[in-house]
Colleague: 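One structure, as structure tokens, below. Some questions next.
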Amino acid sequence: MTHTAARNLMMTDMPTSPDQLPCGFIAIIGRPNVGKSTLMNCILGQKISITSRKPQTTRHRIQGIKSTTQAQMIFVDTPGLHHGGKRTMNRLMNRAAIDSISDVDVILFVIEAGQWTEEDQSILERLQDIHVPVILLLNKIDKVDNKSELLPQIEKLSAQTRFTEIMPLSARRGDNVEHLEHSVQKLLPLSLPLYPQDQVTDRSERFIAAELVREKLMRRLGQELPYALAVEIEEFVEEGRMLKIGALIWVERDSQKAIVIGKGGAGLKAIGKQARIDMENIFGRKVFLQLWVKVKDKWADDERALRGLGYSE
Ligand code: GDP
Ligand code: MG
């Protein structure tokens, strides 16, 4: 189902009310390393809301939602558009990848300020066929000493292509990001919020933490993933400027526990590291994460054996 169809469906399900806001789907695209993830984290900040149930109503994986009283911005993943190096370009030619961004409301095309590579060019060429507003972002301007050096690049690109806007910014420092948000909101259609406006509470942060651990487990284990696996946040406390998070991974059998832990604890360690990095980005704080694996029935035995599997870096 397309986003438009999803929106229509949700509109008819909801009572009519005057509380319409700019609400819509946003794709952030660009070659690897230009700063797409940094930008999304910067925009979402604490306002991230990860949807546990992957919505069946859209073709996209939702990466994050920013709900404010002004708007609802739903950031979607664009598989095949920003993973890998040269090969990405082959996949770019892929109809499916193009389709996946054809029905978003806004595309943010990120490049590195002062640079223009073949890969950037390929992405630009594919965008010509897509009738969605595109904002071109020249990221990492904090690395450019003389900002006027960017003017020829901006002029050249704007002469070449119909961008809705060309904007220099720094995702890392947050420079111009608020301005970007305003521009995006102006391009979103009005509707009732498409997703619940999850308040940022301690509870939702706990939920996000559990989801991140689950996501990493799923990514690492794939088919091997024990079917009955649950993640429970046992500890979630602020210690100074740091968050101390303890998570229990519940499995049903010893064999499953071994799979999750991996050789010499390597599996669990990798999962923990990836989850911690994401948590630090999302929560904007240093995180001390401890993971434990427990078998549901005999958890008391396991506790002693697994003490020490938690780690920090
Ligand atoms: P992605 O592959 O496009 O998602 O890129 P990332 O968001 O992972 O960023 C790649 C690298 O560029 C990371 O080391 C970021 O810290 C860095 N980076 C991102 N945005 C900026 C920025 O505005 N300024 C600087 N100096 N570095 C940035
Ligand atoms: Mg990224």
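Computed from a predicted model, the values in this text were never measured in an experiment. In each ligand, atom 1 is the first atom listed, and ligand 1 is the first ligand listed. Numbers here simply count residues along the sequence, with the first being 1.
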Colleague: Under a 4.0 angstrom heavy-atom cut-off, which atoms of ligand 1 come close to Lys143?
Modeller: 26 (N)

Colleague: Distance under 4.0 Å to a non-hydrogen atom of Thr38: what atoms of ligand 1 satisfy this?
Modeller: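 Checking each atom against Thr38, I get 6 (P), 7 (O), 9 (O), 15 (C), 19 (C), 20 (N).
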
Colleague: Tell me if a side-chain donor or acceptor on Arg276 pairs with a main-chain N or O of Leu289 at a distance below 3.5 Å.
Modeller: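 Not confirmed, Arg276 side chain does not pair with Leu289 backbone.
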
Colleague: Using a strict threshold of under 4.0 Å (side-chain N to carboxylate O), is an ion pair present between Lys143 and Glu112?
Modeller: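 Between Lys143 and Glu112 there is a salt bridge, with a charged N closer than 4.0 Å to a carboxylate O.
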
Colleague: Salt bridge or not for Arg285 and Glu280, using N-O below 4.0 Å?
Modeller: no

Colleague: May I ask you to identify, for Val110, whether its side chain, its backbone, both or neither come under 4.0 Å of ligand 1 on a heavy-atom basis?
Modeller: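 Within the 4.0 Å criterion, Val110 makes no contact with ligand 1.
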
Colleague: Ignoring angles and geometry beyond distance, decide whether Ala171 reaches within less than 3.5 Å of ligand 1 through its nitrogen or oxygen atoms.
Modeller: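 Among all N and O atoms of Ala171, at least one is under 3.5 Å from an N or O of ligand 1.
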
Colleague: Is Gly35 close to ligand 1, meaning an N/O of one under 3.5 Å from an N/O of the other?
Modeller: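 N/O-N/O distance under 3.5 Å: yes.
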
Colleague: So, 4.0 Å and heavy atoms of Pro32: is ligand 1 close enough to count as a contact?
Modeller: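 Contact check Pro32 vs ligand 1: positive.
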
Colleague: Take the angle between the ring planes of Phe109 and Phe163 and call it parallel below 30°, perpendicular above 60°, tilted in between.
Modeller: tilted

Colleague: Quick one: does ligand 1 sit under 4.0 Å from the side chain of Asp142, the backbone, both or neither, non-hydrogen atoms only?
Modeller: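 For Asp142, the contact with ligand 1 is made by the side chain alone.
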
Colleague: Just wondering, do Leu268 and Val260 contact through their side chains at under 4.5 Å, heavy atoms?
Modeller: yes

Colleague: Can we say Asp142 and Arg172 salt-bridge, meaning some charged N sits less than 4.0 Å from an Asp/Glu carboxylate O?
Modeller: no

